[in-house]
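Naming convention: chains lettered A, B, ... in sequence-line order (proteins, then strands); numbering from 1 in each chain.
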Protein chains: 2
Amino acid sequence: MLHYPKPLAKLVAELERLPGVGPKSAQRMAFYLLRQPKEEAAKLAEAILQVKETIRLCKECSNFTDQELCEICRDPKRDRSLLCVVAETRDLIAMEKTNEYNGLYHVLQGLISPMDNITPEMLRIRELFPRVANGVREVILAFNSTTEGQTTALYLASRLKPLGVKVTQIAHGLPAGGELDYADQATLISALQWRREI
Amino acid sequence: MLHYPKPLAKLVAELERLPGVGPKSAQRMAFYLLRQPKEEAAKLAEAILQVKETIRLCKECSNFTDQELCEICRDPKRDRSLLCVVAETRDLIAMEKTNEYNGLYHVLQGLISPMDNITPEMLRIRELFPRVANGVREVILAFNSTTEGQTTALYLASRLKPLGVKVTQIAHGLPAGGELDYADQATLISALQWRREI
């Protein structure tokens with residue numbers, strides 16, 4: 001049985017720790033980097049170090065930024081009376097891609113999960129309340145359609161409603177192009193519960 | 001539409017260049033690295049730089065190594081009269097995993113491909129002949145079952161046979177567990193052509 005030379009084994013191990021990367025693809029990536037000219041491979045290494053040097057959380061919304069405030073919080077054309085709460089920056093990006101939302105965001109950096117011992121105190125929830133008190137008319141909760149998403153939504157709704165702000169949640173139902181007879185039971189139950197008059 | 005802060009955009013772009021990594025998984029990896037403690041993310045960067053510093057091709061067989069000769073060429077228990085020719089180190093690793101082969105290897109670092117303008121001169125074919133002349137009794141060609149694999153096999157066979165060495169090729173046929181009525185035509189044709197008496 002072949003053993004990789006140590007530095008190669010180490011690179012494969014480090015690559016394997018990336019999300020979605022198994023032993024096979026880590027190996028492919030390592031061989032790719034080995035075949036690249038040294039300067040090209042170094043670019044990736046430098047980009048990793050650079051990002052850790054420069055990227056921080058936006059002081060307002062916890063989105064990633066290389067400045068004090070993120071691009072969205074700095075944008076004067078954004079509607080400051082609308083606040084969309086998401087779990088992760090990737091959810092924020094998904095919302096932005098719709099081009100349908102022009103308010104601000106609040107990134108919790110996770111979801112409440114009793115199973116994983118993630119309590120409200122471990123998320124950026126505390127920072128949410130002063131923002132809501134500051135002229136926000138509607139808080140839109142946009143979480144995954146999972147137990148954690150629902151737990152977090154219910155928790156936030158119970159904490160926010162006493163402040164007199166409108167709290168809404170994005171709909172759960174049949175995905176676009178989804179066929180009814182292929183939808184799972186949970187999706188159909190949500191779709192029924194979220195039904196509205198047309 | 002949101003723009004990533006520049007260092008983050010650069011990291012995503014560099015990750016996207018890795019094989020099998022699309023925009024979505026590059027984004028996931030970048031966010032993962034952002035969430036990691038700085039020292040953890042730096043480990044990957046260092047592993048990349050380290051590998052480029054230390055890993056080279058084995059002087060004998062062109063396998064990756066951090067020494068002059070690779071682990072296999074150095075192993076005194078290997079049968080030096082058997083030489084298995086493969087295209088890439090990953091093929092060598094696949095062969096090793098079988099635990100069925102105890103000879104040496106020769107890694108061509110590619111396959112002949114007129115379509116991609118890859119000629120025999122661009123591969124480690126020249127280095128093969130002195131090795132074969134040095135007491136090898138059988139050369140086993142182990143290439144992908146593709147046009148390029150077959151082209152390379154035929155080319156090498158035509159060059160090696162005049163040297164009086166036995167040249168064999170690994171079989172092409174029905175994969176293990178493969179069902180006949182699901183096999184594609186090309187596989188069945190190969191399986192038929194490679195048939196032998198039982």
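Heavy-atom pairs under 4.5 Å with chain B peak, among A:Ala13, A:Ala41, A:Ala30, A:Ala42, at A:Ala41. Taking B:Gln27, B:Gln109, B:Gln67 one by one and counting their heavy-atom pairs under 4.5 Å with chain A, the maximum is reached by B:Gln27. For the set A:Glu88, A:Lys6, A:Arg17, the entry with the most heavy-atom pairs within less than 4.5 Å of chain B is A:Arg17. Put simply, of B:Pro19, B:Pro37, B:Ser25, the one with the most heavy-atom pairs under 4.5 Å next to chain A is B:Pro19. Counting heavy-atom pairs closer than 4.5 Å to chain A, the top residue among B:Arg35, B:Glu40, B:Met95 is B:Glu40. When each of A:Val12, A:Val21, A:Leu18 is checked for heavy-atom pairs under 4.5 Å with chain B, A:Leu18 comes out on top. Interface remark: of the candidates A:Leu15, A:Thr98, A:Asp75, A:Asp66, A:Asp66 forms the most heavy-atom pairs closer than 4.5 Å to chain B.
Going from atom NZ of B:Lys43 over to atom CD1 of A:Ile48 covers 13.5 Å, rounded to the nearest 0.5 Å. From B:Ile93, atom CD1 reaches atom NZ of A:Lys24 across 8.5 Å, with rounding to the nearest 0.5 Å.
The shortest distance between side-chain heavy atoms of A:Gln50 and B:Leu11 does not fall below 4.5 Å. Two residues are said to be in side-chain contact when any heavy atoms from C-beta on lie closer than 4.5 Å; B:Thr89 and A:Leu34 fail this criterion.
Taking the six-membered ring for Trp and the full ring otherwise, the centers of B:Tyr4 and A:Phe64 sit at least 6.0 Å from each other.
With hydrophobic clusters built from ILVMFWY side chains whose heavy atoms lie under 4.5 angstrom apart, A:Leu163 shares a cluster with A:Leu83. Clustering ILVMFWY residues whenever any of their side-chain heavy atoms sit less than 4.5 angstrom apart, transitively, puts A:Leu33 in a cluster other than the one holding B:Leu49. Linking Ile, Leu, Val, Met, Phe, Trp and Tyr residues whenever their side-chain heavy atoms come within less than 4.5 Å places B:Val136 and B:Phe143 in a single cluster. In the hydrophobic clustering of ILVMFWY residues, with side-chain heavy atoms under 4.5 Å counting as a link, B:Leu108 and B:Leu154 come out apart. Both B:Phe129 and B:Leu123 are members of a single hydrophobic cluster when ILVMFWY side chains are connected at heavy-atom separations under 4.5 Å.
Between A:Leu8 and the choices B:Ile55, B:Thr54, B:Thr65, the side-chain contact (heavy atoms from CB on, under 4.5 Å) rule is met once, by B:Ile55.
A salt bridge does not link B:Glu46 to A:Lys10: none of the charged side-chain nitrogens sits closer than 4.0 Å to a carboxylate oxygen.
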